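Whatever order the structure lists them in is the order used to number ligands and atoms, beginning at 1. What you are looking at is a predicted structure, and each value in this text was computed from that prediction instead of being measured. Sequential numbering from 1 along the given sequence is applied to the chain's residues.
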Amino acid sequence: MGVGDWVRSWPVYRQLTGADRLGRGSAAQSARSRSLLPRTASADRVVNSVCPYCAVGCAQKVYVSDERVVQIEGDPDSPISRGRLCPKGSASKQLVTGPQRLDKVLYRAPYATQWRELDLPTAMDMVAERVLDARRRGWQDHDEHGRPLRRTMGLASLGGATLDNEENFLIKKLFTALGAIQIENQARI
Ligand code: SF4
């Protein structure tokens, strides 16, 4: 690099001689920064979605490349969030791509010290057996005056904030049909 090039690569020189007199844009940009492209630029397609984290329901644009989520941004067309996402919503790509995300069922039997993997049908059967057993053991058919109760005190549901409206609707229907009366969501606590 000659002396002239070196001087021109100096941000202060570019600030004093170029259009970016405040030094907040092109004058302060390095050659490497200029060569970088956002992950959104290489996406094959963009899918409209809704942030799963809370009931605000900010709209998202999910950028997909080679069938993998490469970036999630706020959707400027949303009248709710107008392109904005809070820090949690901005990090929601990790929810689908994080390496710590478990994608196998793990089971630790009573008194066992190790987890072991279960196939999903086996795990679902075990959950169903326990739900039915707890429901039966906690069932109250009548109160002490003979008035009908038809409820179970053996089950409760506590939903997390990442559940969406549709999931909460189905969970409420399921647990009410099972006779549970303690049905709550983290968002109301
Ligand atoms: S971006 Fe933040 S405020 Fe918006 S829905 Fe997600 S968690 Fe809620």
Sub-4.5 Å side-chain heavy-atom contact between D141 and L149: no
R45 bridged to E67 by N-O distance under 4.0 Å: yes
salt_bridge(D133, R137) N-O dist < 4.0 Å: yes
Listed protein N/O/S atoms, distance to atom 8 (Fe) of ligand 1 under 2.8 Å: C54 SG
Hydrophobic cluster (4.5 angstrom, side-chain heavy atoms) - remaining members for I72: V47, V62, V64, V69, V96
Qualifying side-chain hydrogen bond (donor to acceptor under 3.5 Å, both in side chains) pairs with a residue from residues 34-43, counting only residues at least two apart or across chains: R39-Q71
side-chain hydrogen bond (donor to acceptor under 3.5 Å, both in side chains) contacts touching residues 116-131 (sequence neighbours left out): D119-T122
